[in-house]
Amino acid sequence: LKRVVGHDALTGLGTRDTTATRLGNLQSAALSTSACAVLCVGVDELTNINAAFTHTVGDRVIAAVASRLVAVTGNPDRVGRGSGNELFVLVPDLEAGADAAVIAERIRIACHDVFSVGTAQVKASVSIGIATGHRETDPEKLLRDASVALQQAKAHGHDRAEFIDGGVADEARSRLLMEQGIRDGLSRGEFVPH
């Protein structure tokens, strides 16, 4: 693939930064009453696919899934690549945030398949995290929340879609702050063993 600044070399899709910018532009152009959603799509069992075949096969599966996402959305500018096996789908102008589940189901079905990669036949599925917002929602927050929702979906099984549970994001933030506080306290000698 030709390398283009702001685009992922494997899939040709926009990078996370490019995707955040595109999301912000879509939000600015949206009607103030419409909802938007970000879907974070991850290939299930990618580590096992890499181990059973090779990382090259795993990369080709990611690229094939990315192509399916573009086919479902009909617009490559609405699909982007995050880190690892995360792919983002931008869904602007929804009547209600819950409508994003319909699109997630279309994606889940389109990606539940056997992918032919060279001589390998790889059965794959995807999990999807869904975050919804509105015109004023920070694009980076939506991308983060969709990524957290993907981790929730994977933790509850595979081949499924889940909306972000705000409590999970809050819990992760609290845990991070507590760990930082403990490290700081240890470095300042504020803890005494008993």
Side-chain angles (χ1 to χ4, degrees), residues 1-43 62-63 65-111 126-156 160-174 176-177:
L1 287 172
K2 182 172 102 175
R3 292 193 184 268
V4 179
V5 175
H7 286 76
D8 173 60
L10 175 66
T11 63
L13 298 173
T15 61
R16 182 185 180 93
D17 290 342
T18 300
T19 303
T21 300
R22 287 177 178 164
L23 178 58
N25 293 339
L26 289 169
Q27 288 172 290
S28 295
L31 299 172
S32 61
T33 57
S34 67
C36 64
V38 173
L39 281 57
C40 186
V41 181
V43 177
I62 291 170
V65 167
S67 294
R68 300 255 175 120
L69 298 182
V70 170
V72 169
T73 63
N75 186 342
D77 289 343
R78 301 268 171 97
V79 183
R81 174 103 191 259
S83 60
N85 77 343
E86 289 184 346
L87 299 161
F88 292 107
V89 176
L90 309 180
V91 187
D93 298 325
L94 292 170
E95 287 186 29
D99 295 339
V102 174
I103 295 162
E105 182 62 10
R106 274 192 240 145
I107 289 169
R108 191 191 66 74
I109 290 168
C111 295
V126 296
S127 294
I128 305 167
I130 306 169
T132 59
H134 46 79
R135 186 176 174 149
E136 292 80 25
T137 307
D138 177 27
E140 283 294 336
K141 179 184 182 308
L142 279 173
L143 292 172
R144 181 210 61 202
D145 286 353
S147 183
V148 169
L150 171 62
Q151 298 314 312
Q152 288 173 202
K154 287 189 174 214
H156 294 138
R160 62 187 299 131
E162 287 195 20
F163 282 87
I164 180 70
D165 175 352
V168 173
D170 291 342
E171 181 182 329
R173 217 173 1 262
S174 294
L176 184 65
L177 291 172

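These numbers were taken from a predicted model, which means no experiment stands behind them.
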Mind checking what makes side chain to side chain contact (heavy atoms under 4.5 Å, CB included) contact with Pro92, not counting sequence neighbours? Leu26, Arg78
Smallest separation among heavy atoms of Ala153 and Ile128, with atom names: CB-O, 3.8 Å
Does any part of the side chain of Arg68, heavy atoms only, come nearer than 4.5 Å to the side chain of Val65, both counted from C-beta? no
Heavy-atom closest contact (Ala149 atom, Phe163 atom, distance): CB-C, 4.0 Å
Drop me the distance from Leu69's CG to Asn75's CG, to the nearest 0.5 angstrom. 12.5 Å
Over 12 non-hydrogen atoms of neighbours within 6.0 angstrom of CD in Glu95: no
Quick one: are Leu90 and Val38 in side-chain contact, heavy atoms under 4.5 Å? yes
Might you work through the side-chain contact (heavy atoms from CB on, under 4.5 Å) test for Arg16 and Phe88, ending with a clear yes or no? CA-CA 8 Å; Arg16 182 185 180 93; Phe88 292 107; 3.3 Å; yes
By side chain to side chain contact (heavy atoms under 4.5 Å, CB included), Val91 pairs with (sequence neighbours left out) Ala37, Leu39, Val89, Leu94, Ile103
Spacing of OG belonging to Ser28 relative to CG belonging to Leu23, to within rounding of 0.5 Å: 9.5 Å
Give the minimum heavy-atom separation between Ala100 and Ile130, together with the two atoms involved. CB-CG2, 3.8 Å
Closest non-hydrogen contact found for Ile164 with Ala131 is CG2-CA, 4.1 Å
Distance alone, cut at 3.5 Å: any donor-acceptor contact between the side chains of Thr18 and Thr15? yes
Pick out which of Ile107, Ile62, Asn85 makes a side chain to side chain contact (heavy atoms under 4.5 Å, CB included) with Val41. Ile107
Measure the OG-CG distance between Ser83 and Asp8 for me, rounded to the nearest 0.5 Å. 11.0 Å
How far apart are the closest heavy atoms of Gln27 and Cys36, and which atoms are they? NE2-SG, 3.9 Å
Can Cys40 and Asp145 be said to form a side-chain contact (heavy atoms from CB on, under 4.5 Å), step by step? CA-CA 9 Å; Cys40 186; Asp145 286 353; over 6 Å; no
So which heavy atom on Arg81 is nearest to which on Thr19, and how close? N-OG1, 4.3 Å
Give, for atom OG1 of Thr73 and atom CZ of Arg106, the distance between the pair rounded to the nearest 0.5 Å. 10.5 Å
